Every structure is written in structure tokens, then in C-alpha cells.
Asks: 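This structure is in C-alpha cells; I'll ask about it shortly.
Given the structure is predicted, the values throughout are model-derived calculations rather than measurements.
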Amino acid sequence: MNASVAPPAFETLRISAPAEHIALVTLARPQAMNALNTQMGRDLVTFFEAVALDAAGLRCIVLTGEGERAFCAGGDLKERRGMSDEAWQRQHVVFERMVRALLDCPVPVIGAVNGAAYGGGCEIAACCDFLYAAEHARFAQSEVTLGIMPGGGGTQTIARAVGERRAKELILTGQPFSASEAAQWGLVNAVLPQGELLPAALATATTIANNAPISVRQAKQSIHRGLQMALRDGLTFEIEAYARMVPTQDRHEGVTAFNEKRPPRFIGK
């Protein structure tokens with residue numbers, strides 16, 4: 001995303017361009033602790049599917065929540081009150097598309113968890129490529145306490161992040177856990193004071209954005225998809241991804257810049 005281009009407007013999201021090639025996506029329903037309602041699901045689908053269709057120079061995304069209380073408090077139960085089974089299922093199709101759009105985003109997504117990430121909010125966070133969290137942030141997959149279960153990828157993404165046994169404990173009890181525990185178990189990469197959270201996430205986004213964008217996208221896909229394959233299949237996928245780098249202008253530029261002892265100028269071609 002070019003910082004000079006005005007981003008589209010959404011009802012439940014704020015999209016900004018804090019630097020060239022970087023988008024800051026903020027879940028913006030602070031009056032409801034950024035709870036996930038149908039419109040937020042639709043907005044996230046629209047944004048992330050648009051990025052998949054045309055990244056338009058975007059090289060990294062930081063996803064956070066508005067305010068300091070919540071990243072996303074989970075599904076909006078006030079909206080769901082009185083929903084028929086059919087309406088509930090129709091809404092959930094939107095959330096299913098949202099999860100896939102997040103997971104399939106071709107550019108890296110860094111989660112900056114600024115507060116509570118419960119239920120669907122924890123699942124949105126777990127869809128990010130990696131997470132930084134504020135010291136006061138809390139997490140929970142609390143669905144079983146409400147008579148449902150994680151349906152936004154939580155049984156899959158959380159288990160892949162923290163391991164099967166820990167995931168079973170967290171999901172089957174529904175008990176909250178701290179940012180430091182999330183870091184200890186592998187869900188969160190770094191825990192930071194609130195005031196340092198977003199600057200740290202944006203600094204990492206800048207580091208990523210300065211790297212060759214095709215290389216970053218291919219490496220991300222190789223990691224993500226390779227972990228779902230047998231080792232030999234993953235190695236084959238990696239070589240196919242690697243082969244795309246060889247004829248690119250950026251590969252030539254990277255080697256030339258190294259030998260000329262100057263920073264490379266990557267253009268994504």
C-alpha cells in the first residue's frame with residue numbers, strides 16, 4: 001500500500017498506511033470491546049480478499065484493536081441473542097470465509113494484541129502469521145462455556161501454535177490465560193508494555209517490507225503449506241517456491257547490491 005493512496009473506508013475497521021508498503025488494520029468497535037459482529041466479518045473478508053486479488057504494493061499488514069481494553073472480545077453475543085439456528089449458520093459462513101481470507105493472505109500479517117482476545121478474537125489473532133501482545137492482554141477460547149465450540153479455526157490454529165495437549169487444556173476448560181503464558185506456550189512471540197506494542201509491530205513490519213516482496217510471500221507460503229505436508233512433500237513445495245526467485249529482477253538486485261555494498265532496491269518483480 002502506498003502511503004499516499006487513501007485506503008478504502010469500512011464500517012468496523014480503520015485502515016491506515018503508517019509507512020510505504022504497510023497497512024495498519026484496526027478493529028474498530030470500541031463500544032463493544034471490538035466484538036466480532038456480522039459486519040466486521042464482512043469487512044475483514046472484503047479487505048483480505050482484496051489483498052489476495054491485488055496486493056497493490058502492500059508488503060506487510062499489522063492487525064490490532066482500538067483502545068487498550070480489547071483486541072477483540074469474541075463474537076457479539078448481543079447481536080446473536082434470539083438468532084434462529086438458520087440465521088446463526090448463515091452468519092457463521094461469513095466468519096468461515098473471514099478465517100480463510102486471513103489465513104490465505106499472501107503478505108505477512110502481524111497481530112498486535114492490545115487487550116482481551118477471547119473466543120473469536122483469539123481465533124482472529126491465531127490466524128496472524130505471528131503475534132506481539134501487550135503485557136495486560138488476556139486470551140481465551142471460551143466457547144465451551146457458552147454451549148458451543150471454537151468454529152473460527154481455533155481447534156486447528158491454536159493446536160498448531162501450542163501443541164495438542166496444551167490446546168486441549170485451553171479449549172476444553174475455556175479458561176483465560178495471560179500474555180506471558182501465551183508467549184511461554186508459543187502463541188505469542190513477544191510481550192511488551194502497551195506503549196511499545198504498536199511501534200514494535202510496525203518496526204518489524206518495516207523490516208519485512210524492506211525485504212524482497214516475492215521472496216517474503218513465497219517463504220510465507222512454503223512455511224504455512226509445508227507444515228501441512230509430509231516432510232518430503234514440503235521439501236518439494238519449497239523448491240517450487242524457491243524456483244520462482246531465480247528469474248526475478250529482485251534476485252539480481254539483491255546479489256548486485258550485496259557485492260556493491262549498498263542497500264538493495266526491491267521492486268517486487
Side-chain angles (χ1 to χ4, degrees), residues 12-14 24-37 40-41 44 61-80 95 98-99 102-103 109-202 204:
T12 68
L13 307 177
R14 286 193 292 105
L24 175 61
V25 179
T26 304
L27 307 177
R29 299 188 68 226
Q31 74 285 356
M33 294 186 68
N34 303 320
L36 175 63
N37 65 355
M40 183 179 284
L44 287 167
I61 297 166
V62 174
L63 178 63
T64 193
E66 187 167 317
E68 298 185 2
R69 295 179 62 204
F71 172 77
C72 173
D76 189 334
L77 297 183
K78 290 183 178 179
E79 181 185 49
R80 283 179 158 181
F95 297 160
M98 174 196 73
V99 168
L102 280 160
L103 290 174
V109 181
I110 303 171
V113 181
N114 56 299
Y118 280 21
C122 189
E123 290 177 304
I124 289 173
C127 285
C128 297
D129 290 297
F130 57 91
L131 298 175
Y132 294 165
E135 291 171 331
H136 71 281
R138 300 275 287 174
F139 298 79
Q141 289 293 166
S142 51
E143 287 86 348
V144 296
T145 70
L146 300 170
I148 51 177
M149 63 168 277
T155 63
Q156 305 304 305
T157 54
I158 300 295
R160 283 167 168 78
V162 306
E164 178 182 352
R165 291 180 179 276
R166 182 69 67 184
K168 285 176 178 176
E169 179 187 19
L170 299 177
I171 292 170
L172 302 185
T173 65
Q175 293 298 300
F177 52 99
S178 68
S180 61
E181 288 172 321
Q184 178 185 342
W185 298 332
L187 180 62
V188 164
N189 292 58
V191 179
L192 300 147
Q194 176 69 28
E196 298 177 17
L197 175 66
L198 200 53
L202 291 172
T204 300

Asks: What's the spacing between E135 CD and S178 OG if we round to 0.5 Å?
Replies: 11.0 Å
Asks: Looking only at heavy atoms, what is the nearest atom pair of E123 and G152, with distance?
Replies: OE2-N, 2.8 Å
Asks: Got L44 and L27 here, is their nearest side-chain heavy-atom distance under 4.5 Å?
Replies: yes
Asks: Which pair of non-hydrogen atoms, one from A133 and one from A137, has the smallest distance, and what is that distance?
Replies: CB-CB, 4.3 Å
Asks: Is any side-chain heavy atom of T157 closer than 4.5 Å to one of L103?
Replies: yes
Asks: Nearest 0.5 Å, what's the CG-CZ distance between L187 and R166?
Replies: 12.0 Å
Asks: Tell me, please, which residues at least two apart from Y118 pass ring-ring contact (aromatic ring centres under 6.0 Å, His included).
Replies: none
Asks: On the 0 to 90° scale, with breaks at 30° and 60°, tag the F139-F177 ring pair as parallel, tilted or perpendicular.
Replies: parallel
Asks: Pair V113, V188 - check side chain to side chain contact (heavy atoms under 4.5 Å, CB included), show working.
Replies: CA-CA 9 Å; V113 181; V188 164; 5.8 Å; no
Asks: So T155 and M149, do their side chains get closer than 4.5 Å, heavy atoms only?
Replies: yes
Asks: So, for A140 and P176, which heavy atoms are closest and what is the spacing to 0.1 Å?
Replies: CB-CA, 3.7 Å
Asks: Tell me which one of T173, L172, I171 satisfies side-chain contact (heavy atoms from CB on, under 4.5 Å) with Q141.
Replies: I171
Asks: How close do L63 and F71 get, counting heavy atoms only, and between which atoms?
Replies: O-CE1, 3.7 Å
Asks: Please name the residue in the list T204, L202, V109 that meets the side-chain contact (heavy atoms from CB on, under 4.5 Å) test with V62.
Replies: L202
Asks: What is the distance from atom CD1 of I110 to atom CD1 of I61, rounded to the nearest 0.5 Å?
Replies: 10.0 Å
Asks: What closest approach, in Å, do A183 and V191 show between heavy atoms, and which atom pair accounts for it?
Replies: CB-CG2, 3.8 Å
Asks: With sequence neighbours excluded, what pairs up with A134 under the side chain to side chain contact (heavy atoms under 4.5 Å, CB included) test?
Replies: H136, Q194, L197
Asks: For the CD atom of E79 and the CG atom of L36, what is their distance to the nearest 0.5 Å?
Replies: 8.5 Å
Asks: Using modelled atom types only, decide if a donor and an acceptor are shared between the side chain of R29 and the backbone of A35 within a distance under 3.5 Å.
Replies: yes
Asks: Starting at OG of S142, measure out to CG of L170 and round the result to the nearest 0.5 Å.
Replies: 11.5 Å
Asks: Please check if atom CD in E164 has more than 12 non-hydrogen atoms from other residues, nucleotides or ligands closer than 6.0 Å.
Replies: no
Asks: Before accepting this row, confirm whether a basic side-chain N of the pair E169/R165 lies closer than 4.0 Å to the acidic partner's carboxylate O.
Replies: no
Asks: What is the minimum heavy-atom distance between A125 and L131, and which atoms define it?
Replies: O-CD2, 3.2 Å
Asks: State the CG-CE distance between D76 and M40, to the nearest 0.5 angstrom.
Replies: 9.0 Å
